[in-house]
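Reviewing the structure listed below.
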Amino acid sequence: MSDATDPWLIVGLGNPGPDYAANRHNVGFMTVDLLATRIGGKFKRAQKAQAQVVEGRIGPPGPGSRRVVLVKPMSYMNLSGGPVTALRDFYKVPLDHVVAVHDELDVEYGSLRLKLGGGDNGHNGLKSMTKAMGPEYHRVRFGIGRPPGRMQVADFVLRDFSYTERKELAFLVDRSADAVECLLAEGLERAQSAYNS
């Protein structure tokens, strides 16, 4: 069982490289990038895994502060489980202190859903993490909605957000980062009541 002194591993799911940076599939990267900025950290290559990490603290100084490791796996989405498991072992993080921030097709654009455990809903990053560690980690699900018309899911998630979506994107990524901070500071139920929409 975890306690308040255990670190948290906040995993932004995405694909590495500039070609993918603005894709819908990369909202996890966008969220942890913002969290890194908030704590004044810069991502650097992890010693023990194919990933970039930032170590720091989230929350007010004192006992309410949480030790965090922000993670961007550099392995491509469908192999995320390997680097995440290596870092989880290295930092000795309990599974219920792992948070995956990811795009979610079954949640409409502009909405968030937080939960603990569950299936992967066809998401290759979650599939890889669950295969490596089991499903009982937290998820911050960033709604991207379903593809229009007959567009394939793979094409949709690997495209940049539309012009209309981009007008709200910075605000929504900000809200996603707020939801992660609330989850760490106040627990899942409080974060769900504040951010699930």
Side-chain angles (χ1 to χ4, degrees), residues 2 6-15 23-39 41 43 51-54 56-59 66-73 77 80-81 83-85 87-88 91 93-130 132-145 157 161 165 168-197:
S2 55
D6 286 320
W8 287 80
L9 205 64
I10 313 299
V11 181
L13 289 175
N15 287 306
N23 288 179
R24 292 181 178 92
H25 225 14
N26 272 43
V27 291
F29 274 20
M30 295 173 199
T31 300
V32 293
D33 280 338
L34 179 57
L35 286 167
T37 301
R38 288 183 181 183
I39 65 174
F43 278 97
Q52 291 185 353
V53 295
V54 171
R57 299 192 85 83
I58 283 178
R66 301 284 180 260
R67 189 172 148 227
V68 295
V69 183
L70 306 175
V71 180
K72 294 196 290 188
M77 185 70 87
S80 301
V84 173
T85 303
L87 291 168
R88 184 183 157 226
Y91 289 104
V93 178
L95 187 54
D96 67 349
H97 274 214
V98 176
V99 181
V101 185
H102 64 92
D103 56 304
E104 178 58 63
L105 289 160
D106 284 341
V107 175
E108 68 184 38
Y109 183 68
S111 294
L112 290 174
R113 298 271 195 290
L114 285 80
K115 69 174 188 172
L116 175 63
D120 57 56
N121 200 22
H123 192 289
N124 287 330
L126 296 180
K127 200 176 286 183
S128 180
M129 284 180 62
T130 297
M133 303 185 301
E136 291 304 307
Y137 53 90
H138 287 89
R139 296 102 190 277
V140 175
R141 304 158 73 207
F142 188 114
I144 61 168
V157 299
F161 286 97
E165 288 169 334
E168 281 188 287
L169 185 59
F171 166 76
L172 297 172
V173 170
D174 198 60
R175 197 163 176 272
S176 175
D178 289 348
V180 172
E181 292 185 348
C182 182
L183 171 64
L184 270 54
E186 300 184 47
L188 180 61
E189 282 186 28
R190 291 290 293 274
Q192 284 174 324
S193 64
Y195 291 95
N196 279 16
S197 52

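Residues take their numbers from the sequence shown, with the count starting at 1.
Under the 4.5 Å side-chain criterion, counting only non-hydrogen atoms from C-beta, H97 is not in contact with L9. Between N26 and N15, the closest side-chain pair of non-hydrogen atoms falls below 4.5 Å. Proximity of K72 to F43: side-chain heavy atoms (C-beta onward) are separated by under 4.5 Å at one or more points. By the 4.5 Å heavy-atom criterion applied to side chains, F161 and I144 are counted as neighbours. The side-chain heavy atoms of L95 and R88, taken from C-beta on, include a pair separated by under 4.5 Å. For the pair L184/E181, no side-chain contact is recorded, criterion being any heavy-atom separation below 4.5 Å from C-beta on. The shortest distance between side-chain heavy atoms of L114 and R139 does not fall below 4.5 Å. Put simply, the side chain of L34 reaches to within 4.5 Å of the side chain of D174, judged on heavy atoms.
Just one residue in the list V173, V54, I58 forms a side chain to side chain contact (heavy atoms under 4.5 Å, CB included) with L35, and that residue is I58.
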Mind running side-chain contact (heavy atoms from CB on, under 4.5 Å) on F142 and H102 for me, showing each step along the way? CA-CA 6 Å; F142 188 114; H102 64 92; over 6 Å; no
Could you go through L87 and V69, starting from their C-alpha distance and side-chain angles, then the distance that decides it, and tell me whether this counts as side-chain contact (heavy atoms from CB on, under 4.5 Å)? CA-CA 9 Å; L87 291 168; V69 183; 5.7 Å; no
What's the verdict on side-chain contact (heavy atoms from CB on, under 4.5 Å) for W8 and Y91, showing C-alpha distance, side-chain angles and the deciding distance? CA-CA 9 Å; W8 287 80; Y91 289 104; over 6 Å; no
Could you check D6 against V93 for side-chain contact (heavy atoms from CB on, under 4.5 Å), going step by step and ending with a plain yes or no? CA-CA 6 Å; D6 286 320; V93 178; over 6 Å; no
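Between D178 and R38 a salt bridge is recorded (basic side-chain N to carboxylate O distance below 4.0 Å). A salt bridge links R24 to E165: at least one charged side-chain nitrogen sits closer than 4.0 Å to a carboxylate oxygen.
The nearest pair of heavy atoms linking I39 to G56 is CD1-CA, 4.0 Å. Closest approach of M30 to N23, counting heavy atoms only: CE-O, 3.6 Å. L183 and L188 get closest at one heavy-atom pair: CD1-CA, 3.6 Å. For the pair P83 and A51, the tightest heavy-atom approach, listed with the atom from each and the gap, is CB-CB, 4.2 Å. L112 and A179 make their closest contact through CD1-CB, 4.0 Å (heavy atoms, listed as atom of the first residue, atom of the second, distance). Considering every non-hydrogen atom in both A100 and L126, the closest pair reads CB-CD2, 4.1 Å.
The CZ atom of R113 sits 7.0 Å away from atom CZ of R141, with the distance rounded to the nearest 0.5 Å. Atom NE2 in H123 sits 11.0 Å away from atom OG in S128 (nearest 0.5 Å).
Under the 3.5 Å distance criterion, the side-chain polar atoms of S176 are left unmatched by any main-chain donor or acceptor of L172. With hydrogens and angles ignored, the 3.5 Å screen pairs a side-chain donor or acceptor of S193 with a backbone N or O of R190. Remark: side-chain polar atoms of T85 are paired, donor with acceptor, to backbone N or O of G81 under 3.5 angstrom.
In the model, T130 has a side-chain atom that pairs as donor or acceptor with a side-chain atom of Y137 under 3.5 Å. With hydrogens and angles left out, the side-chain atoms of D103 and H25 include a donor and acceptor closer than 3.5 Å. Residues N121 and D106 have side chains that bring a donor and an acceptor to within less than 3.5 angstrom of each other.
For CD of E136, the number of neighbouring non-hydrogen atoms (other residues, nucleotides, ligands) closer than 6.0 Å is greater than 12.
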